[in-house]
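Read the numbers this way: they start at 1 and go in the same order the structure lists the ligands and their atoms. Values reported hereafter were calculated over all heavy atoms of this structure, with side chains retained and with hydrogens, waters and symmetry mates removed.
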Amino acid sequence: MTVQEAVNKLDELELKEFALGHAMGILSYDGATAAPKKSYIPRGKTMGCLAGEAYKLTTDKSAVAILDTLRSHADELDDNTIRRLELREKNLKEMRAVPIEQYVEYTELMNEADSAWHEAKEKSDYAIFEPYLRRVIDFTKLFAEKVNPDIAPYDYCLDKYEEGLTMQKAEAFFSALRERIVPLIARVGAAEAPDESVAKVLFPIEKQRALSDILMDKLGLPRDRCAIGETEHPFTTNFTPDDVRITTHYHEKAFLSSMYSVIHEGGHALYELGVDPKFSFTCLSGGVTMGIHESQSRFFENIVGRSRGFIDNLYPDLVRLCPEIGKYSAQDIYRAANKAQPSLIRTEADEVTYPLHIMVRYEMEKKMINGEVNTAELPEMWNAYYKEYLGVTVPNDREGILQDSHWSGAGIGYFPSYALGSAYGAQYLAKMREEMDFDAVVASGDLAPIRAWLGEKIWQYGSSKSPEWILKNALGAPFDPGYYLDYLENKMKDVYGI
Ligand code: ZN
């Protein structure tokens with residue numbers, strides 16, 4: 001096989017893999033949106049079959065031969081082909097770690113664990129989910145041991161979601177955060193809390209749907225390539241830059257909840273929509289890691305969406321859709337949207353206390369994977385950490401250990417990427433300020449210069465570069481969590497006058 005033949009075969013193979021992934025993704029999306037509850041049974045079978053086919057395709061002799069040919073001519077390959085080769089080699093190692101039967105079992109477990117988690121959460125009964133979580137942890141440990149026995153199993157988990165992340169790096173990051181966030185929370189707690197009654201006005205759901213349309217326009221999400229649906233837990237799913245879907249949830253008396261879900265998921269969607277289409281149908285399509293992804297979503301949600309300029313710009317639309325808001329000023333909304341207070345639910349947490357929610361999960365995951373705790377003890381441990389880190393008492397499993405879906409999808413190692421992403425975003429902001437009048441751009445309502453900046457430095461590359469490369473390219477300097485801490489302190493100074 002010549003190099004050119006190998007590249008052509010690789011294109012063909014990746015198109016087939018895309019097709020299977022596309023079908024599975026649509027099934028998942030359907031499961032989360034329109035499908036009836038019991039549909040998880042047939043969906044699990046179909047997903048198992050499709051995952052089996054994908055496994056065969058990726059691990060087949062002919063696929064391995066393509067990689068061997070490319071590897072033996074590595075010095076003739078361009079950067080993108082080298083990256084494809086490296087990503088595939090890593091993935092192949094993972095897939096070959098367990099036999100196909102176990103791989104299919106794992107895929108089916110994901111589907112069943114998701115249903116069990118939904119039921120457990122609905123009934124606020126951790127016992128329903130526990131046996132599934134135990135199997136998820138066992139599988140995670142098995143993968144870690146088989147794929148990379150030379151590193152700590154939890155390092156394997158972290159690297160899976162943020163290429164290059166280790167416990168050592170994560171702990172240095174978290175301790176830098178702790179040092180300045182803990183005293184900041186104490187200062188905020190001693191200051192007068194903003195009045196948040198504006199956040200609780202009755203905002204009819206039909207009008208909130210109209211608000212979502214306005215937000216999507218303001219973010220610059222093209223509706224012919226990006227759809228919006230409704231699910232209990234908002235998420236983004238993507239196939240190519242021509243098909244990205246976001247979801248949100250509506251609560252009549254909590255319009256900010258949906259508003260910031262749309263902006264958050266919209267940030268994920270903008271990233272996916274901005275990937276160079278030349279990478280579509282290859283393994284270089286899509287955002288590179290969860291850390292970089294969350295740096296986009298949390299940038300739009302917090303740095304853009306919770307800024308005074310953005311709220312000022314949106315204010316006339318809010319009043320038009322919900323006249324009761326007219327009793328309040330834009331400044332009232334700004335302060336309510338930035339209220340910082342330790343709380344129970346991560347996704348509803350403010351920017352300042354948010355990283356503490358992540359640290360709880362980080363500590364727990366580390367213990368779960370190291371076998372330092374058994375699954376039956378996890379709720380108690382969760383509640384104890386919430387008391388210790390956030391000073392709040394967890395009243396039940398639903399608002400405690402069952403609040404997030406990640407563990408049901410084997411997303412162990414995922415959470416730190418949220419905190420890292422937030423911190424990356426603050427450093428993008430500092431860099432953008434050198435090049436544009438950021439506040440004026442946000443207040444103008446036309447975010448095009450911000451999209452252009454992120455698109456050029458980050459989005460276009462998809463997965464063709466490592467997260468380290470992308471950060472260096474965007475920031476022109478090493479990552480430094482100090483920017484994030486400065487940003488949080490300045491924000492609180494502005495909101496609380498401290
Ligand atoms: Zn997100």
Side-chain angles (χ1 to χ4, degrees), residues 25 28-29 32-33 114 117 157-158 160-163 165 170 212 215-216 219-221 226-239 244-249 256-275 286-306 337 345-362 365 403-429 450-451 454 458-459 462-463 467 470-471 484:
S28 294
Y29 183 80
T33 52
D114 184 60
W117 168 74
C157 296
L158 293 173
K160 207 167 153 185
Y161 297 97
E162 191 59 8
E163 202 179 329
L165 183 64
S212 296
L215 292 168
M216 287 178 79
L219 289 172
L221 291 164
C226 182
I228 181 164
E230 291 173 30
T231 54
E232 191 191 341
H233 304 276
F235 63 87
T236 301
T237 196
N238 58 286
F239 302 107
V244 179
R245 326 243 175 133
I246 63 170
T247 70
T248 187
H249 56 181
L256 291 177
S257 173
S258 170
M259 175 171 144
Y260 286 111
S261 290
V262 171
I263 303 174
H264 178 99
E265 302 307 332
H268 283 303
L270 282 170
Y271 184 12
E272 291 296 337
L273 293 160
V275 174
V288 66
T289 57
M290 290 329 298
I292 303 291
H293 240 300
E294 289 300 330
S295 74
Q296 306 308 307
S297 54
R298 293 186 61 79
F299 183 88
F300 280 96
E301 178 192 348
N302 294 321
I303 294 176
V304 175
R306 285 191 159 86
I345 308 292
R346 176 187 61 85
T347 55
E348 312 275 322
D350 60 85
E351 282 183 273
V352 179
T353 58
Y354 188 88
L356 299 178
H357 292 261
I358 300 304
M359 288 180 215
V360 168
R361 287 152 179 81
Y362 172 81
E365 288 184 344
Q403 64 179 269
D404 296 309
S405 62
H406 301 61
W407 293 340
S408 72
I412 297 172
Y414 185 126
F415 287 112
S417 59
Y418 289 113
L420 275 173
S422 305
Y424 297 161
Q427 201 167 342
Y428 304 154
L429 171 66
I450 295 171
R451 287 196 301 274
L454 293 166
I458 299 169
W459 301 344
S463 294
I470 286 176
L471 281 180
Y484 178 42

Hey, would you say the Phe300 and His264 ring centroids sit under 6.0 Å apart?
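For Phe300 and His264, the ring centres are not under 6.0 Å apart.
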Backbone or side-chain N/O/S of His293 under 2.8 Å of the Zn ion (ligand 1)
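No - counting backbone and side chain alike, His293 has no N, O or S atom under 2.8 Å.
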Looking at the Zn ion (ligand 1), which N/O/S atom of Glu294 is the nearest one?
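Atom name of the closest N, O or S in Glu294: OE2.
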Would you name the N/O/S atom of His264 that lies closest to the Zn ion (ligand 1)?
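It is NE2 of His264.
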Can a side-chain donor-acceptor contact be found between His233 and Ser405 if the only test is distance below 3.5 angstrom?
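No, because no side-chain N or O of Ser405 sits under 3.5 Å from a partner of the opposite role on His233.
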Taking atom types as modelled, find out whether Thr231 and His249 have a side-chain donor-acceptor pair closer than 3.5 angstrom.
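Result is no, nothing qualifies.
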Go through the steps for Leu471 and Tyr428 under the test side chain to side chain contact (heavy atoms under 4.5 Å, CB included), then give the verdict.
CA-CA 9 Å; Leu471 281 180; Tyr428 304 154; 3.9 Å; yes
